[in-house]
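A quick write-up on the structure given underneath.
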Amino acid sequence: MTLAVGGGLIVAGAVVALVHAAMSSVQDSIALPPRSEAPYSEPYEGDPYEEEPYEEDPYAEESGATEPDARKDVTITACTRDPQIGWQSAKVKVVNGSSTTASYTIMMEFLDEDGAKVAEGGAGVVDLEPGGSAVKKAQGLGEVPPGTTCRISDVWRTPSD
């Protein structure tokens, strides 16, 4: 029995020594590289990233551009806060005021009593015929305080192919 206990202690000691040796070699392999000997340079006086202003909006869509009156096609019909989870949502009615079938993307902002944005949400309508209407729910993401209001932030109307 004493021989078995002694043998177990020897094996345990050997395992500890192997783990210690392995950790030392791993520590050496992940050591930081030597510090750079590159000379220090002073910062530039001017702004090297300054660019000339654009004459046109660089983000304007070239095809299927949003028509300026697309926002007029969308109205908020309800603005409610879920009492159980505290998330705000808005019901929006979309009436296609264009002469072609179109799809809409509506982005909403949810504002606290001070007018600060506390959440965002969105809704979409696909292939709405000219003169057609649809009601969609724009669900906000995240809990908002009571008294939060809804505001349309962006509307994109894209002619359907």
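All values below were derived from every heavy atom in this structure, side-chain atoms included, with hydrogens, water molecules and symmetry-related copies excluded.
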(message) Please report the interatomic distance OG(S89) to NZ(K137), rounded to the nearest 0.5 Å.
(response) 4.5 Å

(request) With rounding to the nearest 0.5 Å, note down the distance linking CZ in R81 to OG1 in T149. (result) 13.0 Å

(message) Using side-chain heavy atoms (C-beta onward) and a distance below 4.5 Å, is F110 in contact with E120?
(response) no

(request) Report yes if some heavy atom in the side chain of V118 is under 4.5 Å from a heavy atom in the side chain of P145; otherwise report no. (result) yes

(message) Any heavy-atom pair between the side chains of D154 and R71 that's under 4.5 Å?
(response) yes

(message) With rounding to the nearest 0.5 angstrom, report the CD1 to OG1 distance, I152 to T75.
(response) 7.0 Å

(request) Please round to the nearest 0.5 Å and tell me the distance separating atom CG of D112 and atom CD of Q88. (result) 11.0 Å

(request) Work out which heavy atom in V125 is nearest to a heavy atom in A134; give both atom names and the distance. (result) CG1-CB, 4.1 Å

(message) Between T101 and D127, do the side chains contain a donor N or O and an acceptor N or O under 3.5 Å apart?
(response) no

(message) Counting C-beta onward and ignoring hydrogens, is there a side-chain heavy-atom pair between R151 and M107 closer than 4.5 Å?
(response) no

(message) Using modelled atom types and a 3.5 Å cut-off, is there a donor and acceptor pairing between side-chain atoms of D82 and backbone atoms of W87?
(response) no

(request) State which residue, out of V92, T80, L111, I76, fulfils the side-chain contact (heavy atoms from CB on, under 4.5 Å) condition with C150. (result) I76

(message) Assigning hydrophobic clusters by single linkage (Ile, Leu, Val, Met, Phe, Trp, Tyr; side-chain heavy-atom cutoff under 4.5 Å), is L141 placed with I85?
(response) yes

(request) Evaluate the salt bridge (charged side-chain N to carboxylate O under 4.0 Å, His left out) criterion for residues D69 and R157: first the C-alpha distance (whole Å), next the side-chain angles of each, then the deciding distance (0.1 Å), finally the verdict. (result) CA-CA 9 Å; D69 61 348; R157 177 174 59 202; 2.7 Å; yes

(request) Check whether any side-chain heavy atom of P130 lies under 4.5 Å from a side-chain heavy atom of S99, and answer yes or no. (result) no

(request) Taking S103 for its side chain and T158 for its backbone only, find out whether a donor-acceptor pair lies under 3.5 Å. (result) no

(message) Using side-chain heavy atoms (C-beta onward) and a distance below 4.5 Å, is M108 in contact with S153?
(response) no

(message) Measuring only between side-chain heavy atoms, which start at C-beta, is N96 closer than 4.5 Å to Y104?
(response) yes

